[in-house]
Amino acid sequence: MVRGVALGLIVALLAGCDDGGGSSAEDAAVAVDGAVDAAPMVDAELDAAAQPDAADLPDAAAPDAEVGGPPVAWRLLCAACHGANGAGTDLGYELRHPVRDYAEWVVRNGRDMPGELPATMLAYGPDQVSDEELTAIFDWLDDFNQPATGTGLYLDYCANCHGRDGRGGVVGVTMVGRTASSIRRHVRGGEGGRNYPLRRLYMPAFGADVISDAELELIIDHVAGL
Ligand code: HEC
Ligand code: HEC
């Protein structure tokens, strides 16, 4: 039952991806075979998970027009939880515009914060996802349009840690009542250096090349409205 759901999900996502990319039906057939091979691992995670609600999944058939199809490794190993287009599902976070060093650490080491999401992020070694494949995945995730609103920017860059509602999220640090100066200082400076494993202490620094001064003000406006 769960296995059927997992396979159906992967196949549906793969079928959706195919619309967006230039990949041929032959590629898709190969990819589906690969997904079947990879399924037992995904299944093991889904066993512990609530059955995903198909209505909550991103629309896999409508990728951003300007972004090419995802790397094969993404479709086989990541899309089932993080969405065909990196927009996230009930099983995994939105991953667009990743903070590279931090994101690489999570992929190589895995992570499981109890109670946050019903699935587990396993560690993927270079034998499963090579450094080149990981770079291709991150490059592809970076190609998506920068959100144009404070809410969109907040959901893209802050929500995985502080919660989509801004009330604390997995790090337990609420955004409610934060001053503009505190937000500017933390976003530009980060916290905790490179202590990626410290979920409640590490926050990445975002330079103006990633979040511009104008975009930072939009985020501040969004936080003020929480
Ligand atoms: C079985 C579902 C599942 C699969 C498959 C999966 N992930 Fe994850 N991923 C998660 C979950 C759940 C988390 C959150 C872990 C936590 O914080 O406890 C996560 C977290 C992450 C994060 C950190 C995001 C953040 O903002 O903290 C990155 C980066 C990531 N995954 C990348 C990947 C990549 C790349 C792949 C494919 C090679 C992948 N994941 C496959 C479920 C999955
Ligand atoms: C990878 C997780 C992560 C991400 C992403 C993240 N933060 Fe944080 N943030 C934290 C953690 C953990 C702390 C607490 C650090 C400490 O207390 O040492 C924190 C602290 C803060 C604080 C200070 C709160 C206080 O105690 O005064 C602000 C403001 C803040 N974050 C805003 C943001 C904004 C805005 C974004 C998005 C642009 C963001 N954060 C993205 C993890 C994150």
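Indexing begins at 1, ligand by ligand and atom by atom, following the structure's order.
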With heavy atoms and a 4.0 Å threshold, my read on which part of M175 contacts ligand 2 is side chain

Are any non-hydrogen side-chain atoms of V171 and M203 less than 4.5 angstrom apart?
-> no

By salt bridge (charged side-chain N to carboxylate O under 4.0 Å, His left out), R164 pairs with (sequence neighbours left out) none

Within 4.0 Å of some non-hydrogen atom of C78, the atoms of ligand 1 are 34 (C), 35 (C), 36 (C), 37 (C), 38 (C), 39 (C), 41 (C)

For atom 17 (O) of ligand 2, the closest protein heavy atom turns out to be R200 O, 4.4 Å

Touching ligand 2 at all, R199? Heavy atoms, strictly under 4.0 Å? yes

Vertex atom 8 (Fe) of ligand 2, ends M203/SD and H162/NE2: angle to nearest 10° comes to 180°

closest protein heavy atom to atom 22 (C) of ligand 2 is H186 CG, 3.5 Å

Exercise. Based purely on interatomic distance, does Y102 place a nitrogen or oxygen under 3.5 Å from a nitrogen or oxygen of ligand 1?
Worked result: yes

query = Is atom 8 (Fe) of ligand 1 less than 2.8 Å from at least one N/O/S atom of M121?
reply = yes

Nearest non-hydrogen protein atom to atom 13 (C) of ligand 2, with distance, is V173 CG2, 4.0 Å

Please determine whether the number of non-hydrogen atoms from other residues, nucleotides or ligands lying under 6.0 Å from atom CZ of R188 exceeds 12.
yes

With a 3.5 Å distance limit and no angle check, can you tell me whether T89 reaches the backbone of C81 through a side-chain donor-acceptor pair? yes

field: Sub-4.0 Å heavy-atom approach of L95 to ligand 1
entry: yes

of all protein heavy atoms, closest to atom 5 (C) of ligand 2 is Y157 O, 3.3 Å

key: Close approach, F138 and ligand 1, non-hydrogen under 4.0 angstrom   = no

Of C81, A79, G86, P204, the one whose closest heavy atom lies nearest atom 4 (C) of ligand 1 is C81

ask   = Hey, is the main chain of P126 close enough, under 3.5 Å, to the side chain of D131 for a donor-acceptor pair?
value = no

- After noting the C-alpha distance and the side-chain angles of V176 and R167, does the key distance pass the side-chain contact (heavy atoms from CB on, under 4.5 Å) rule? CA-CA 7 Å; V176 176; R167 311 254 150 186; 3.9 Å; yes

Item to complete: Report yes if the side chains of H162 and Y154 come closer than 4.5 Å at any heavy-atom pair, otherwise no.
Response: yes

For Y124, the ligand 1 atoms with a heavy-atom partner under 4.0 Å come out as 4 (C), 5 (C), 6 (C), 41 (C)

Evaluate the side-chain proximity of N85 to R96: yes if any heavy-atom separation is below 4.5 Å, no if none is.
-> yes

Rounded to the nearest 0.5 angstrom, the CG-CG distance for D156 and L95 is 10.0 Å

One finds that the ligand 1 atoms under 4.0 Å from a non-hydrogen atom of T120 are 1 (C)

One should read off an interatomic distance between R184 CZ and R178 CZ, to the nearest 0.5 angstrom, of 15.5 Å

key: Flag, side chain of Q128 to backbone of G125, donor-acceptor distance under 3.5 Å   = yes

min-distance protein heavy atom vs atom 27 (O) of ligand 2 -> R178 NH1, 3.3 Å

Judged by heavy atoms only, the candidate from G177, G190, C161 nearest atom 2 (C) of ligand 2 is C161

Per-atom filter on ligand 1: closer than 4.0 angstrom to a heavy atom of A103 are 29 (C)

For R108 and S130, the nearest pair of non-hydrogen atoms, with its separation, is NH2-C, 3.6 Å

* Look at ligand 1 and say whether L122 reaches it with a heavy atom at a distance under 4.0 Å. => no

From the list I219, L216, I211, side-chain contact (heavy atoms from CB on, under 4.5 Å) with F206 holds only for I211

Looking at Y202, Y196, Y154, the heavy atom closest to atom 11 (C) of ligand 2 belongs to Y202

Honestly, for V187 the part within reach of ligand 2 (heavy atoms, under 4.0 Å) is side chain

Among non-hydrogen protein atoms, atom 36 (C) of ligand 2 lies closest to C158 SG, 2.8 Å

among protein heavy atoms, the one nearest atom 18 (O) of ligand 2 is E191 OE1, 3.5 Å

In ligand 1, the atoms that come under 4.0 Å of a heavy atom of Y93 are 14 (C), 17 (O), 24 (C), 25 (C)

The atoms of ligand 1 lying under 4.0 Å from a heavy atom of D112, numbered in the order shown, are 18 (O)

To the nearest 0.5 Å, atom CG of D221 lies from atom CG of L153 at 11.0 Å

With a cut-off of 2.8 Å, does any N, O or S atom of H82 fall short of it relative to atom 8 (Fe) of ligand 1?
yes

Which label fits W105 and Y196: parallel for a plane angle under 30°, tilted from 30 to 60°, or perpendicular past 60°? tilted

Check: For ligand 2, is N160 a contact, meaning one of its heavy atoms is under 4.0 Å away?
Finding: no

